[in-house]
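Here is the naming used below: chain letters follow the sequence lines, and residue numbers restart at 1 for every chain.
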Number of protein chains: 2
Amino acid sequence: MKVFKIPEATVMRLSVYSRYLNQLAREGVETVSSGDIAKGTGVSSAQVRKDLAYFGEFGTRGVGYKVDELYNHLIKILGLDREWNVIIVGAGKLGSALALYQGFAERGFKIVTVLDVDPDIIGTKLGNIEVEPLELLEERVREQNITIGVIAVPASAAQEVTDRLVKTGVKAILNFSPRVLKVPREVVLRNVDLSVNLEVLSFNLAFNR
Amino acid sequence: MKVFKIPEATVMRLSVYSRYLNQLAREGVETVSSGDIAKGTGVSSAQVRKDLAYFGEFGTRGVGYKVDELYNHLIKILGLDREWNVIIVGAGKLGSALALYQGFAERGFKIVTVLDVDPDIIGTKLGNIEVEPLELLEERVREQNITIGVIAVPASAAQEVTDRLVKTGVKAILNFSPRVLKVPREVVLRNVDLSVNLEVLSFNLAFNR
DNA sequence: TTATTATAGCTATTTTTTTCACAAAATGTT
DNA sequence: AACATTTTGTGAAAAAAATAGCTATAATAA
């Protein structure tokens, strides 16, 4: 059970496993084997066991895993056993879709603030959150104890917003803008570029088929 | 210059490089080195050269790469030198954000049809596209020559919609639902799970820091 | 009790991906 | 023309990740 440096691919798969286990639990399934998880999530059973082995022994030989037990372990490993306060900066198409997206709340990500610069957008409601002016960034981050910032502003504003968030104490940034951001080493950064996904498809369609 | 089996990570980086080159071109930069690209996109220069090497020799030793030339090569490699017709199934928060997202059109992905089942949503406009009833799926795919399908429906409906798309001739599926989809081997499938991204952040915040 | 079967956990192997480091080529300089 | 400088392209080495297969253990059946 070495614990240093967990591959990111493993973390992503754990997230997928946990969602699958949640589904099984709702269906009333009580135990599950690595092979079942593999089948349900599209990986190999050896991979499932390997991924879990980074964190301990959760199963019983000859039997499998208890669904809720394993689920709870994964939730804990993923840090989802608490609430994270999230700010979304940018309430354009993407920002507002993210603000309204149910999936986040379900997993403990509480969107507490949404900011924008556009006077037409400020004051509108996204669910029960009102879009506020960008100037309030520092104030809201501090008073609401926000740890995660989502960047949904145009590329040109992304770095500046990021700097302000980091300076005010945000610990992790999820960047939806197509811009490489600089953050201090201790801040967790993750980039999501929606076009990249379509372009990988396009590549696969265009290339060697 | 072996050409079989390009790593997916390479393809994703090519997409990022191409966007960076586009930016440079707009700024009037004419030549660029692998080191510059590396710095601008957050990878190593050796990585840049290795990635490009899968597809040929595009640079000049001692000099670097001509920005537009390399850009055009990448666009061609990524299959972005043509238009792809795209259908979005599901016009909820996510589906409509995707339909309205500018980034896709800019790269040659033309969203030609958006479908939903909800009578309250059908008939509404997303930009200049009207949301139509799901029943029209087969008809629209055929008459509009659609090759790429985006799944933005709830998990419970995802497989059925996918089957219908595939049956009607769609060649690639971008799946935003948290469900493992089955498609024939010749269909390109890519999953984007937005929650996974936040959960990777959460893991990194919770674990070893 | 003793086999038999199923399956986790672990170790070894293979494969894939990244990094390193250097020869080759182009340009600029003395 | 010779030399220095820059930077690509690439083979080799290293690192990382995935896969395969073996061993131990629990449950169950004989």
- How close or far is atom C1' of C/dA26 from atom NZ of B/Lys66, stated in whole angstroms? 15 Å

Show each protein N/O and nucleotides 25-28 of chain D N/O combination with a separation under 3.5 Å, one pair to a line.
unit_1: D/dA26; atom_1: O4'; unit_2: A/Arg61; atom_2: O; d: 3.3

- For A/Ser34 and C/dT7, is the shortest distance between a side-chain N/O and OP1 or OP2 below 4.0 Å? no

- B/Arg107 and B/Ser18 side chains, donor-acceptor separation under 3.5 Å: yes

- Item | Phosphate-side-chain proximity, B/Tyr54 and D/dG9, N/O vs OP1/OP2 below 4.0 Å | no

- Can a salt bridge be assigned to the pair A/Asp163 and A/Lys182 using a cut-off of 4.0 Å between side-chain N and carboxylate O? no

- Distance in angstrom units between A/Glu57 CD and C/dG9 P, rounded: 5 Å

- Task: Identify, with sequence neighbours excluded, every residue that meets ring pair (Phe, Tyr, Trp, His ring centres under 6.0 Å) alongside B/Phe104.
- Result: B/Tyr101

- Tell me: CZ of A/Arg49 to C1' of D/dT19, nearest whole Å? 10 Å

- In terms of side-chain heavy atoms, does A/Arg164 have a donor or acceptor partner in A/Thr168 at a distance below 3.5 Å? no

- Query: Side-chain contact, heavy-atom cut-off 4.5 Å: B/Ile37 with B/Leu70?
  - Reply: yes

- For B/Ser44 and A/Phe58, take the nucleotide of DNA chain C holding the closest heavy atom to each; which residue's nucleotide lies nearer the 5' end? A/Phe58

- Message: In terms of relative ring orientation, are B/His73 and B/Phe58 parallel, tilted or perpendicular, with 30° and 60° separating the classes?
- Response: tilted

- Query: With no hydrogens and no angle check, do the side chains of B/Gln23 and B/Glu27 hold a donor and an acceptor under 3.5 Å apart?
  - Reply: yes

- Query: Are any of A/Gln47's side-chain N or O atoms less than 4.0 Å away from OP1 or OP2 of D/dA17?
  - Reply: no

- Message: For a quick check, tell me whether the side chain of B/Lys50 and the base of C/dT17 share a donor-acceptor pair closer than 3.5 Å.
- Response: no

- Task: Verify the contact: side-chain N or O of B/Tyr65 to OP1 or OP2 of D/dG9, cut-off strictly under 4.0 Å; return yes or no.
- Result: yes

- Nucleic acid contacts of residues 68-81 of chain A, taken as heavy-atom distances under 4.0 Å to DNA chain D: none

